[in-house]
A.B. asks: 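Sharing a structure below in C-alpha cells format, with a few things to ask.
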2 protein chains.
Amino acid sequence: MIDAAGLRVMRAIADEGSFTAAALSLGYSQPAISQMVRRLEARTGTTLVERVGRSVRLTEAGAVLARHAGPVLSALDAAEEEVAAIAGLRSGRVRLMAFPSASATLVPKALAMVKAEHPGVTITFSEAEPRESLAALRAGECDLAVAFVYEGTDLGRGEEDLDPFVTTPLLDDEVLLAVPHDHELAQAKNVDMAALKDETWIAGCPRCRGHLLQLASTAGYVPDIAYETEDYVAVMGLIAEGLGVAVIPDLILKTVHHEDVAALPMTPASRRHIVAVTTPDLQRVPAVKATLDALVASAQASNSKPSKAKR
Amino acid sequence: MIDAAGLRVMRAIADEGSFTAAALSLGYSQPAISQMVRRLEARTGTTLVERVGRSVRLTEAGAVLARHAGPVLSALDAAEEEVAAIAGLRSGRVRLMAFPSASATLVPKALAMVKAEHPGVTITFSEAEPRESLAALRAGECDLAVAFVYEGTDLGRGEEDLDPFVTTPLLDDEVLLAVPHDHELAQAKNVDMAALKDETWIAGCPRCRGHLLQLASTAGYVPDIAYETEDYVAVMGLIAEGLGVAVIPDLILKTVHHEDVAALPMTPASRRHIVAVTTPDLQRVPAVKATLDALVASAQASNSKPSKAKR
DNA sequence: TGAATCCTATAACGCGTAGTTATCATAAGG
DNA sequence: CCTTATGATAACTACGCGTTATAGGATTCA
C-alpha cells in the first residue's frame, strides 16, 4: 500500500517545506510531487499535507510518514549496497571443489589470483572426486567444481549427467604409461596398448581403473590388476619396485615424480580432459565467474593448450 | 532502485522454496514472480536465484535481499498502521482554541463527547479571542478555532479574512441589552437602540466594544463609554451597581447570571454568530472532523437553532 | 491597489512497469 | 515411460508515475 517512493517524497516535503523544493531535491518536476501526495492521501484515506497559502505543512499523519522514511530508506539502501558489494566483487563467497591432483597447482594458483584481485571474495575449497563434486553441485552445496573426463568415455554414461551444467575446458592431460626404470619398454618412444596384454597392472582411483579397463578392452583383453590404491605416491612406489605398470595422467606424473619410473606415450593416444563445471545461473554470479576465470588463467599459465569451449 | 515489492517477493521465495508457492502466498500468478525476479536481477546486475531442476535456490545476493525484507517490510507496516490509526480515529491530536465564554459549556461538552467516542484522540485546548485563534490557525499552530462574528459586521473587514477558511455555524447568539434591575427600562419588552442615546455604557472585550460602537453609530450617536473590562463578571457587577448599561450576548448572560441585572431584546435585533473555523485540509483530518462534529452536536444539544452552512 | 512572483493544482499525454492468461519446456516420481 | 509439478516465455492490458503546458491563488513590493 505504501511504498518507498512515497516515503521519500514525504520526507523531502518535510525537509524542504514546499512541493517545489521537494521536487527539486528529488530531481522530479513539481506536479509529480503534487500527484504523489494526492495518491498517498487517496491510499491512506487521510489528509497528509495542509496546503496553507504559499507553502505547505504536514499534518500529523504526514509527519508520521516522514518520520518513518528514514529507517525504511536507509534499510533499503543498506540492502542495495550489500548486493552491490557482491555484484562488484567487493564481497562474495564461492564454494569450490576439485579432485585431489588438481589441488596441487591448478587450484592454489587460481585461489591466489582471485585473492590478489578481489580481496573481498572468500573461497572455501574442498577436495572431492568428480562424482562427489558434481553431486554437491547438483545439491547446491557447491558453486564450482573442477573435474575430469576421460576422452572416449562418454561424458554422461548414466551416472554423471553433465546436461544441466556448463563445462569450461581447463587442461588436456595426456595419459601415459608408467613403467619401472628398468622395464624393457622404458626406453621406447611409444607403446601400443595391445603390446601390454601380459603385464601386471596397478590401478588408481575407481574412475582411473575404469579407464584402464576400457583401454584394455579396446585393445582386446582384460588387464591383470594386481594392486589398487588411490594414493598415487604409492602407485609410483609399486611401479618403481617392479610390481607392475600403470596408466597415469601426465599431470599427476609431474606432481609425484619418481626417478625410478619412466613414462611414455601410448597408442592409441588417450587424454584426460580437466574441466571446470558449474551451472548457468552460478556462472553469472560475479564471484563464481571470477574464480572460473582465474582457473582458466591458471591452467593457461601452468601448462598446456586448452581446447575449444564445449556446450 | 530496489523497492518493497521486490523484497517481499524475494522473501516469499526464500520462505516457500519455489516460485509457484511464493506466487500463491502473495496472491500473484506464477509468471509475475518469474518476471519480478528477472527485473530485480537486471537492476542489481547479479543472479539472485539459482534455478536448480524443479525448484529454485537463492544465491548469496538473493539471500541478502530476503534477509533485509523483514526489517524493511515491518517498518513499512508500522508506518501504515500508525497512519491507519490516525485515519481510523484510534489516535490523533487536535489543537483547539475557543474564545473564553465558549469555554463554559459548548467546548467542555464537545470535548467530553469526543473523549467518549474516540478515546484515542487527544485534544489540547486553549482560550483565545477570535483574532488570536484565527491567527494561530493561519500560522498552523491550531487546527480548529471557535470564534464569533457579529451580524452586520462584515466578516472580513480587512483584519480577519475568513477567505481561506471554512466556517461551520454553531450557535446564533442574540445580543441583549443588560440594565440594572431597577432601571426604568428593566420591565420593557423591547428597547430601541436610539432610545439609549444618553445612557452611560460599559464595554466588554475590544471586539464587543466595536460592536457597540457600530450599533450606536447605526442609531446615529456616539455612546458614552465609561468602563471597559474583558471580565464579564465585572461587567455584570458594574451594571448591578447602576454604573451603566451594556450590550451582552445571551450566551454570556446565561453563564454569568446576576439577579440584579435584567436583559431585554433590542431593536434593531442584533445577533452574534458563533462558528467553528478551520481550513479545508484540516477539516478532512479525521480527528479534526470528529471534534468539529462534536461541537455542532454540542451546540444543538445545548441551545438554539444553528443557521444554514456558509461557504 | 495593482503588478510581479512564487507557490500549488489540473489537464493531457506518453512510457514503462507490473500484472494477467495461454502455452511450452523440463525435471522428478510413480 | 508417462504423469505431474514447476519455471520460462510470449502476447496482451492497464495503470502507475512521470512529463510539459497552463491555470489559479497567495504574498510581496512599488
Side-chain angles (χ1 to χ4, degrees), chain A residues 1-10 12-13 16-43 47-58 62 135 137-140 156 158 161-165 279-281 284, chain B residues 1-10 12-13 16-43 47-58 62 135 137-140 156 158 161-166 279-281 284 311:
Chain A
M1 184 168 184
I2 288 183
D3 60 347
L7 290 187
R8 193 172 353 253
V9 167
M10 292 306 294
I13 293 173
E16 305 290 335
S18 85
F19 284 14
T20 301
L24 206 62
S25 91
L26 294 177
Y28 289 153
S29 66
Q30 170 267 314
I33 306 295
S34 264
Q35 295 183 80
M36 176 61 99
V37 170
R38 194 199 327 206
R39 274 194 293 272
L40 285 175
E41 289 183 334
R43 288 183 203 168
T47 305
L48 298 176
V49 177
E50 188 185 344
R51 283 80 164 174
V52 45
R54 183 105 118 189
S55 190
V56 297
R57 184 173 24 243
L58 296 186
L137 192 56
R138 190 182 300 271
D161 190 1
L162 289 182
D163 237 28
F165 299 132
T279 68
D281 291 318
R284 316 186 93 185
Chain B
M1 183 165 182
I2 287 183
D3 60 347
L7 291 187
R8 194 173 351 254
V9 167
M10 291 305 295
I13 294 173
E16 306 290 336
S18 84
F19 283 14
T20 301
L24 206 63
S25 90
L26 293 178
Y28 289 155
S29 64
Q30 170 265 316
I33 306 295
S34 264
Q35 295 183 79
M36 176 61 101
V37 170
R38 191 194 331 198
R39 275 194 294 272
L40 285 175
E41 290 184 333
R43 287 184 203 166
T47 305
L48 298 176
V49 179
E50 188 186 345
R51 283 79 165 176
V52 45
R54 181 104 122 191
S55 191
V56 297
R57 182 173 26 241
L58 297 187
L137 192 55
R138 191 183 299 273
D161 190 2
L162 290 181
D163 238 29
F165 300 132
V166 282
T279 68
D281 292 318
R284 317 186 93 186
R311 182 196 162 75

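In what follows, every chain begins at residue 1, and chains take the letters A, B, ... in the order their sequences are listed. These numbers come from the heavy atoms of this one structure, side chains and all, not from hydrogens, waters or symmetry mates.
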A.B. asks: Within the structure shown, what part of the strands sits under 4.0 Å from A:Ser18 by heavy-atom distance: base, sugar-phosphate, or nothing?
C.D. replies: sugar-phosphate

A.B. asks: Looking at D:dG18, I'd like to know if its phosphate oxygens (OP1 or OP2) sit under 4.0 Å from a side-chain N or O belonging to A:Arg39.
C.D. replies: yes

A.B. asks: Please pick, from C:dC7, D:dT9, C:dG19, the nucleotide with the shortest atom-to-atom distance to any side-chain atom of B:Arg38.
C.D. replies: D:dT9

A.B. asks: Can you list every pair that meets salt bridge (charged side-chain N to carboxylate O under 4.0 Å, His left out) and has a residue in residues 18-42 of chain A, with sequence neighbours left out?
C.D. replies: A:Glu41-A:Arg51

A.B. asks: Do A:Gln35 and D:dT19 share a donor-acceptor pair, side chain to base, under 3.5 Å?
C.D. replies: yes

A.B. asks: List in chain and number order the residues that pass salt bridge (charged side-chain N to carboxylate O under 4.0 Å, His left out) with B:Glu16, two or more places apart in sequence or in another chain; answer none if no residue qualifies.
C.D. replies: none

A.B. asks: Is the shortest heavy-atom distance from the side chain of B:Leu7 to the side chain of B:Ile2 under 4.5 Å?
C.D. replies: yes

A.B. asks: Would you classify A:Thr20 as touching base, sugar-phosphate or nothing, given that sugar-phosphate means primed atoms plus P, OP1 and OP2, and contacts are heavy atoms under 4.0 Å?
C.D. replies: base

A.B. asks: Any heavy-atom pair between the side chains of B:Ile33 and B:Val9 that's under 4.5 Å?
C.D. replies: yes

A.B. asks: Could I get the full list of salt bridge (charged side-chain N to carboxylate O under 4.0 Å, His left out) partners for B:Arg57, not counting sequence neighbours?
C.D. replies: B:Glu50

A.B. asks: What nucleotide, of C:dT20, D:dG7, C:dA9, holds the atom closest to the side chain of A:Ser34?
C.D. replies: C:dA9

A.B. asks: Does any non-hydrogen side-chain atom of A:Asp3 lie less than 4.5 Å from one of B:Asp3?
C.D. replies: no

A.B. asks: Drop me the distance from A:Leu40's CG to A:Met1's CE, to the nearest 0.5 angstrom.
C.D. replies: 9.0 Å

A.B. asks: Of the options D:dG7, D:dT19, C:dA9, whose atoms approach the side-chain atoms of A:Ser29 most closely?
C.D. replies: D:dT19

A.B. asks: Go through the structure and list residues passing side-chain hydrogen bond (donor to acceptor under 3.5 Å, both in side chains) with A:Thr20, not counting sequence neighbours.
C.D. replies: none

A.B. asks: Nearest of D:dG7, C:dT17, C:dT21 to any side-chain atom of B:Pro31?
C.D. replies: C:dT21

A.B. asks: For the helix from C:dT1-D:dA30 to C:dG30-D:dC1, what angle lies between the axis at the first five pairs and the axis at the last five pairs, to 10 degrees?
C.D. replies: 30°

A.B. asks: Set out, line by line, the N/O atom pairs under 3.5 Å between protein and nucleotides 28-30 of chain C.
C.D. replies:
residue, atom, partner, partner atom, Å
C:dA28, O4', B:Arg54, NH1, 3.4

